[in-house]
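Notes follow once the structure below has been shown.
All chains are named by letter (A, B, ...) in the order of the sequence lines, taking the proteins before the strands, and each is independently numbered beginning at 1. Note that the structure is a prediction, hence the values are computed from the model and not measured.
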Amino acid sequence: MRMSNFFSQTLREAPADAEVVSHKLLVRAGFIRQLGAGIYTLMPLGKRSIDKLEDIMRDEMNSIGGQEIYMPVVHPADLWKETNRWYEIGDEMGRFYDKNNRDMVLALTHEEVVADLVRKEVQSYRQLPRLIYHIQTKWRDDPRPRAGLIRVREFTMKDSYSLDIDEAGLDKQYRAHYQAYFNIFNRCDLPTVAVKSDVGMMGGSLAHEYMYLTAVGEDTLLFSETCGYMANRQIATFQKPAAEKEKVKPIEKVATPGAKTIDDLAKFLDVPTSKTAKAVFMVAKITEGQDEVEKFIFAIVRGDMEVNETKLVNALKAKELRPALDEEIIAVGAVPGYASPIGLKDALVVVDDAIPDSPNLVAGANEDGYHFRNVNYGRDYEAEIVADIAAAQEGDLCPNCGEPMSVSRGVEVGNIFKLGTRYTEALGSNYLDKDGKSKPVVMGSYGIGSGRLLACVAEEHNDENGLIWPMSVAPYHVHIVILRGGEEAAKKIYSELKVDGIEVILDDRDESPGVKFKDADLLGIPIRLTVSERSLKENSVEFKLRREDERKSIPLEKIIEIVKKTKNELVEEISQKVSVMPYDVAN
RNA sequence: CGGGGCGUAGCGCAGUCCGGUCAGCGCACCGCGUUUGGGACGCGGGGGUCGGCGGUUCAAAUCCGCCCGCCCCGACCA
């Protein structure tokens, strides 16, 4: 490609909107342009890199038996009504009407379509197992897109779907993906870790997320350096410090004027926060069939802990959870700041599993300015649900090894889910087994967002001068800078490399050397050649790797060979990063 | 959805408090010339409904109201 023909330009300055480095550089280098919040155009360079990522995904999917298909972005809502997700999913779903006023859905994902396909195509156990995948646009109307391509609303995803006769078959395909995903990320030179995750809106029994650890990530991970335990904060568990065993004491009302927060209260009564009960009021939307009901939730954790809303949602099997309004709190007979589980009406009480083991806590008295001492679960009040609803925090003890855990931020670049029969049962996607019995197909679903992956690779590989692409992801292999006097020789090298299948940018623009070098650094093509009068005088070409400072002088007659060899070495170097990862469900 | 910020030329910004030569600067872009190994220089030039609508006023980028858009934090989410 001749740079004089480029559609995109480089920018000396990044848009003020861009904050994270991958966003700034991808825009400045001309890989992407923004159209709206969380909506981006891929420019020619970006498109080429995305194609490379997607081809790596295809390769790995094919190698575990995947067959590529292509499913629509626009779905009739009926299908989503059948699985109930039309009702369960909120604003995140893009909905519209077609000309006949039929409800339509913009695909957030494709489980429904797969299950529909399966019920039409698969009749017999002889047709299983299968693995299908596609690379397609999704629309998820995320409340807060951010950080360039890292979190967007419209995005392309590779998603695969495994189809099996039973759990054992699913487990096999799940494990195959577990490894294939590491292969994909390694082939993009992106370090990732797999952590167990919440199953979220997908439903299902087991899920892993592939996290790229970076400060710009929006997920928080808890991990133990001692044993290697790692989990998303959403589901991370921890060993809760046991409360001292003590005799249950009689309940006692105390005046606590002005002590509305746990800290105030602990100070005022001179007790540790672990001797208090923290009340959190939420309103949950819970789906009952096609109906939605709102329930007032009174959640209680010990004063030294925080409520983890994901855990709470899961404990409640709720669709949505929001903080309760003051008037709602008052309506159930509670007093904000002095709330108590004792004497509530119409509230669903959920207590953390550390509460029943924690005697004689201080809790509100449901009366302005008063608390109770020595409140005991079981004696003074009961809960509808007792579950782990406390959030793990830095320093909490690892559930595995008991050592204090650290936290890290990460971006989820991929995920794998054991869906089971959630969708196939809902849609009647059954097969006949050997005994002629009808059974639902067992599904798994596995996704990788290509744009997010590109952004993460950019985030990982850059310096103050620009991007530094791994050979496998680079839009071009070689970048030739023509300086004065180098025109003819450069064009000859360009043509010869192209004939040999090397992808080359030729900077034939009428620009000063400084501009050309700056742009070459910004674009981050792995190999740079500089052809000039100066180098030609010595019958040579300057050769430089983007990631290194060293410049070499290569004789003209050897340059093609050296470039090809280097390109292959860089490809090989990346493939060396692919290795077998231990599969650890416990983690 | 809550909190904060922003919207003036393709990009980065000044001007807005205090209404009136404020339609401006740098980069980018076009022409000519010089320059040519790390974002060159000179001369000349093109480009903006000042996010939109409404209001106040003799006069609005500037004041008021409503709306739209974008970014950040939180909630939420893959």
**Prompt:** Measuring from A:Asp141:CG to A:Arg153:CZ, what's the distance to the nearest 0.5 Å?
**Reply:** 5.0 Å
**Asked** When we call it a touch if two heavy atoms are under 4.0 Å apart, what does A:Ala147 touch: a base, just sugar-phosphate, or nothing?
**Response** sugar-phosphate
**Request:** Would you name the heavy atoms of A:Gln136 and A:Pro72 that are closest together and state the gap between them?
**Result:** NE2-C, 3.9 Å
**Message:** Over 60° means perpendicular and under 30° means parallel, so tell me whether A:Tyr210 and A:Phe185 are parallel, tilted or perpendicular.
**Reply:** tilted
What's touching nucleotides 32-37 of chain B from the protein side, N or O pairs under 3.5 Å?
from   : atom 1 : to       : atom 2 : distance (Å)
B:rG37 : O2'    : A:Arg534 : NH1    : 3.3
B:rG37 : N7     : A:Ser532 : OG     : 3.4
B:rG37 : O6     : A:Ser532 : OG     : 2.3
B:rG37 : N1     : A:Glu542 : OE1    : 3.0
B:rG37 : N2     : A:Glu542 : OE1    : 2.1
B:rG37 : N2     : A:Glu542 : OE2    : 3.0
B:rG37 : N2     : A:Arg551 : NH1    : 3.3

**Request:** Measure from the side chain of A:Ala16, starting at C-beta and using heavy atoms only, and say which of B:rG38, B:rC72, B:rC13 lies closest.
**Result:** B:rC13
**Message:** Please classify the nucleic acid contact of A:Val152 as base, sugar-phosphate, or nothing, using heavy-atom distances under 4.0 Å.
**Reply:** base
**Request:** Would you kindly say whether A:Ser450 and A:Glu54 are connected by a side-chain donor-acceptor distance under 3.5 Å?
**Result:** yes
**Fill in**
Re B:rC77: Watson-Crick or G-U wobble partner, both distances kept under 3.5 Å, found to be none
**Asked** Roughly, in whole Å, what's the span from CZ in A:Arg140 to P in B:rC77?
**Response** 12 Å
**Message:** For B:rG44, give the paired nucleotide (Watson-Crick: N1-N3 plus N6-O4 or O6-N4; G-U: N1-O2 and O6-N3; both under 3.5 Å), or none.
**Reply:** B:rC30
**Fill in**
note: A:Arg144, atom CZ; B:rC72, atom C1'; distance rounded to Å ~ 6 Å
**Request:** Considering only atom C1', compute the distance from B:rG39 to B:rC11 and round it to an integer number of Å.
**Result:** 14 Å
**Request:** For A:Asp17 and B:rG10, give me the distance from atom CG to atom P, rounded to whole Å.
**Result:** 15 Å
**Asked** A:Arg146 near the nucleic acid: base, sugar-phosphate alone, or nothing, with a heavy-atom cut-off under 4.0 Å?
**Response** sugar-phosphate
**Prompt:** Should the pair A:His75 and A:Trp80 be assigned to parallel (<30°), tilted (30 to 60°) or perpendicular (>60°) ring geometry?
**Reply:** parallel
**Message:** When you compare the side chain of A:Met57 with that of A:Leu453, does any pair of heavy atoms fall below 4.5 Å?
**Reply:** yes
**Asked** For A:Gly449, which contact category applies under a 4.0 Å heavy-atom criterion: base, sugar-phosphate, or nothing?
**Response** nothing
**A:Gly466 backbone acceptor or donor facing A:Asp463 side chain under 3.5 Å** = yes
**Message:** Of the listed nucleotides (B:rC77, B:rG39, B:rC72), which one gets closest to any side-chain atom of A:Asp142?
**Reply:** B:rC77
**Message:** Regarding A:Ala14, tell me which of base, sugar-phosphate or nothing describes its non-hydrogen contacts under 4.0 Å with the strands shown.
**Reply:** sugar-phosphate
**Item:** Short side-chain N/O contact to B:rG39 OP1/OP2 from A:Arg12, under 4.0 Å
**Value:** no
**Pairing partner (Watson-Crick or G-U wobble, both distances under 3.5 angstrom) of B:rC63** = B:rG55
